[in-house]
Amino acid sequence: MDEAIEDLRGRIDGVAQALMWIAAGLEMAGVMDGPRMSAAWRARQVPAGTSATLAAASLRTLGQMADELDAARAARRSRGDPA
């Protein structure tokens, strides 16, 4: 069971990293408003009926992703990169 959970965690992490690369690329290309996306992720509400455990994990993950997107933007700016 532990191996299955670690596999699932790895898959979720991979999907999250791919999404972050896509979001950063779209932001740098001027197609997406990164700060607005981060704010939307932070403001997300889970659907009614979602278990407390799932809701907490989902909202925590969205918050972490918003933080990472903001941190990547700040790092690009500090290097003088566009977007």
Please identify each residue that fulfils salt bridge (Lys or Arg N to Asp or Glu O under 4.0 Å) with Arg36, with sequence neighbours left out. none
With a cut-off of 6.0 Å (strictly less than), are more than 12 heavy atoms of other residues, nucleotides or ligands near CZ of Arg11? no
Interatomic spacing from CD in Glu27 to CZ in Arg73 - rounded to 0.5 Å: 4.0 Å
Nearest 0.5 Å, please: how far is CE in Met65 from CE in Met37? 9.5 Å
Backbone of Ala55 reached by a side-chain donor or acceptor of Ser58 within 3.5 Å: no
Measure the spacing between CG of Asp7 and CG of Asp2 and express it to the nearest 0.5 Å. 12.5 Å
Check whether any side-chain heavy atom of Leu54 sits under 4.5 Å from a side-chain heavy atom of Val46, and report yes or no. no
Residue pair Glu3 / Glu6, side-chain heavy-atom distance below 4.5 Å: no
Please report, to 0.1 Å, the donor-acceptor pairs under 3.5 Å made by any side chain of residues 13-26, with sequence neighbours excluded.
from, atom 1, to, atom 2, distance (Å)
Asp13, OD2, Gln17, NE2, 2.5

Show me the pairs that pass salt bridge (charged side-chain N to carboxylate O under 4.0 Å, His left out) and involve residues 38-58, at least two apart or across chains. Arg42-Asp67, Arg42-Asp70
Looking at every non-hydrogen atom in both residues, tell me the closest pair between Leu69 and Gly34 and how far apart they are. CD2-O, 3.9 Å
Measuring from atom CH2 of Trp41 to atom CD of Glu68, what distance do you get when rounded to the nearest 0.5 angstrom? 10.5 Å
